[in-house]
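Note that ligands are numbered from 1 as they come in the structure, with each ligand's atoms numbered from 1 the same way.
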Amino acid sequence: MSVIVKDVVDGSYGHRAGVLPGDELVAINSHDIFDVLDYRFYIQSRKLTLSVNRNGEQLTFNIRKGDEFADIGLDFETYLMDKQHSCKNKCVFCFVDQMPKGMRDTLYFKDDDARMSFLFGNYITLTGLCEREVQRIIDMHISPINISVHTMNPALRVEMMKNPNSGESLKIIDRFSQSGIEMNTQLVLCPGINDGDELRFSLSELAKHKTVKSIAAVPVGLTKYRDGLYPLRTYTKDEAAAVIDIIDEFNAHYAFFNDGQILAYASDEFYLIAERPLPTAEYYGEFSQLDNGVGVCALLKDEFINALADTQSRSVNRTVTIATGDAAYDLLCELSHMAEEKFNGLKINVIKIINNFFGETVTVAGLITGQDYKAQLKGKYLGDALFIPRVSLRNEGDKFLDDVTFQELEEFLGVKTYAVPNDGYVLLDMLIDGGV
Ligand code: SF4
């Protein structure tokens with residue numbers, strides 16, 4: 001196995017040693033290089049011997065580094081150096097299966113790659129890990145790993161993920177735990193399937209592993225494109241409240257034996273469905289499950305209140321608009337009201353965007369499409385500036401899920417538009433100064 005060097009950074013250790021674009025990196029210090037994890041791991045040494053194949057000729061380059069963790073400046077064809085691993089499951093709740101046809105190809109890719117978990121915090125199911133990969137995670141002590149567990153009941157996991165290996169692969173959690181690998185875990189809950197007593201069981205089983213650092217419970221997300229798929233429904237108010245109660249009950253017991261620490265969190269969406277007040281920022285500790293929508297509202301509110309306290313009140317004569325999904329609408333109304341009280345002349349309209357593209361049960365800002373923004377903001381008075389959540393633009397940064405570009409939206413609406421990150425300090429700054 002080898003990987004092709006695409007570029008060598010000028011002045012880097014690799015450049016000074018003589019490595020060239022087009023070289024095949026075969027091994028570092030006699031360790032074969034298969035992908036980015038091998039590369040990242042084996043360059044962590046002051047003395048490196050690179051084995052390289054250049055047009056059939058085997059070359060050796062010796063590198064001495066001042067800092068053992070310093071990069072050596074090699075770039076590769078793809079970030080992972082080989083193909084991203086796709087999942088081998090057919091989960092009954094899979095969001096990818098619920099997307100309409102005709103969207104861009106990358107949105108249909110079902111990622112389940114342990115390297116992406118390490119590099120970008122993606123969640124993996126463990127079902128696709130071969131023995132070599134499991135052992136490599138242990139040997140390299142790649143930690144933390146983010147794991148989509150869903151249930152600790154092996155038979156139920158097979159049923160939910162439609163993969164015969166998904167029950168057995170739960171044993172990898174034992175191996176990671178015994179090897180000191182920390183784990184953040186996720187349970188996508190489906191009403192009547194893996195909640196209730198099944199949820200109690202999963203929580204108590206996960207809690208037996210001391211290296212499990214957090215558990216996030218997230219309600220299943222359902223779009224209107226479910227024809228022919230497994231029959232699932234969304235949570236009712238009472239069912240969502242019951243999930244929160246089970247988690248609170250579990251945490252109370254866990255905290256009693258663990259110095260007051262809590263382990264499991266219901267996502268913000270559960271509180272919104274249950275119409276229960278969201279916990280305050282202190283509840284979420286290190287906010288280790290923000291990517292699962294756990295504590296996002298509390299963090300935004302906390303930052304916004306701190307930002308308000310740090311900012312002198314003054315006159316701000318402007319009218320602006322915030323557009324967001326149903327999930328964050330009430331919170332943004334509350335924050336806007338606080339800002340209007342502090343800054344004389346500031347007027348903030350908050351507009352709720354209903355997700356007509358995926359269906360009204362999808363309430364998060366991250367899944368609002370450009371066409372819904374366009375249709376629901378068209379003809380409305382938006383004032384001096386429009387703010388939308390940056391998360392709606394997904395990974396591409398300038399494009400919504402339906403390929404409408406940010407620029408297209410701005411031109412269509414004829415108002416200066418800003419994509420604002422989920423950061424209370426930036427939000428306040430943008431509201432009072434953005435675009436001025
Ligand atoms: S592992 Fe993820 S991507 Fe794969 S089928 Fe399950 S939900 Fe879909």
Side-chain angles (χ1 to χ4, degrees), residues 80 83-101 103-130 133-134 137 144-173 176 183-195 198-199 202 206 215-235 267 269-270 289-294 358-359 361-362 364 366-367 394-396 401:
L80 292 172
K83 275 194 176 162
Q84 193 173 338
H85 300 168
S86 63
C87 90
K88 297 179 170 58
N89 313 309
K90 293 191 174 68
C91 301
V92 296
F93 49 81
C94 182
F95 197 85
V96 177
D97 293 337
Q98 304 178 60
M99 291 203 298
K101 293 189 173 64
M103 301 179 79
R104 58 183 179 271
D105 287 351
T106 50
L107 296 176
Y108 298 103
F109 183 72
K110 296 183 173 186
D111 159 47
D112 197 13
D113 195 318
R115 300 165 303 178
M116 300 297 280
S117 177
F118 170 62
L119 294 166
F120 302 116
N122 294 16
Y123 276 73
I124 56 166
T125 62
L126 307 176
T127 60
L129 287 187
C130 64
E133 288 170 314
V134 173
I137 289 169
I145 287 280
N146 296 335
I147 302 175
S148 294
V149 174
H150 309 315
T151 172
M152 287 296 280
N153 173 343
L156 181 58
R157 197 166 194 252
V158 170
E159 184 56 32
M160 292 183 76
M161 299 180 73
K162 303 291 180 204
N163 179 339
N165 185 37
S166 50
E168 189 68 14
S169 61
L170 286 173
K171 290 182 181 161
I172 297 172
I173 292 177
F176 286 166
M183 291 166 271
N184 293 309
T185 61
Q186 175 203 58
L187 309 171
V188 172
L189 297 185
C190 302
I193 297 179
N194 57 341
D195 52 6
E198 290 291 349
L199 173 59
S202 295
L206 285 169
I215 306 168
V218 183
V220 61
L222 301 179
T223 77
K224 62 187 183 187
Y225 302 99
R226 288 198 56 83
D227 282 354
L229 298 178
Y230 192 92
L232 290 175
R233 58 182 177 79
T234 50
Y235 270 91
S267 70
E269 213 179 336
F270 269 122
Q289 289 277 6
L290 284 172
D291 286 348
N292 274 315
V294 171
F358 285 115
T361 56
V362 177
V364 292
L367 293 171
R394 315 299 288 177
N395 296 337
E396 284 76 4
L401 278 167

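With S166, G128, C87 as candidates, the residue nearest to atom 4 (Fe) of ligand 1 on a non-hydrogen basis is C87.
In summary, the side chains of S169 and R157 do present a donor paired with an acceptor at a separation below 3.5 Å, with no hydrogens or angles considered.
No side-chain heavy atom of S166 sits less than 4.5 Å from a side-chain heavy atom of M160.
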Checklist entry - Yes or no on side chain to side chain contact (heavy atoms under 4.5 Å, CB included) for M99 and L401, after CA distance, side-chain angles and deciding distance? => result CA-CA 10 Å; M99 291 203 298; L401 278 167; 5.6 Å; no
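At least one heavy atom of N89 sits closer than 4.0 Å to an atom of ligand 1.
Close approach to T125 involves these atoms of ligand 1, each under 4.0 Å from a residue heavy atom: 1 (S).
Counting non-hydrogen atoms of other residues, nucleotides and ligands closer than 6.0 Å to NZ of K162 gives a total above 12.
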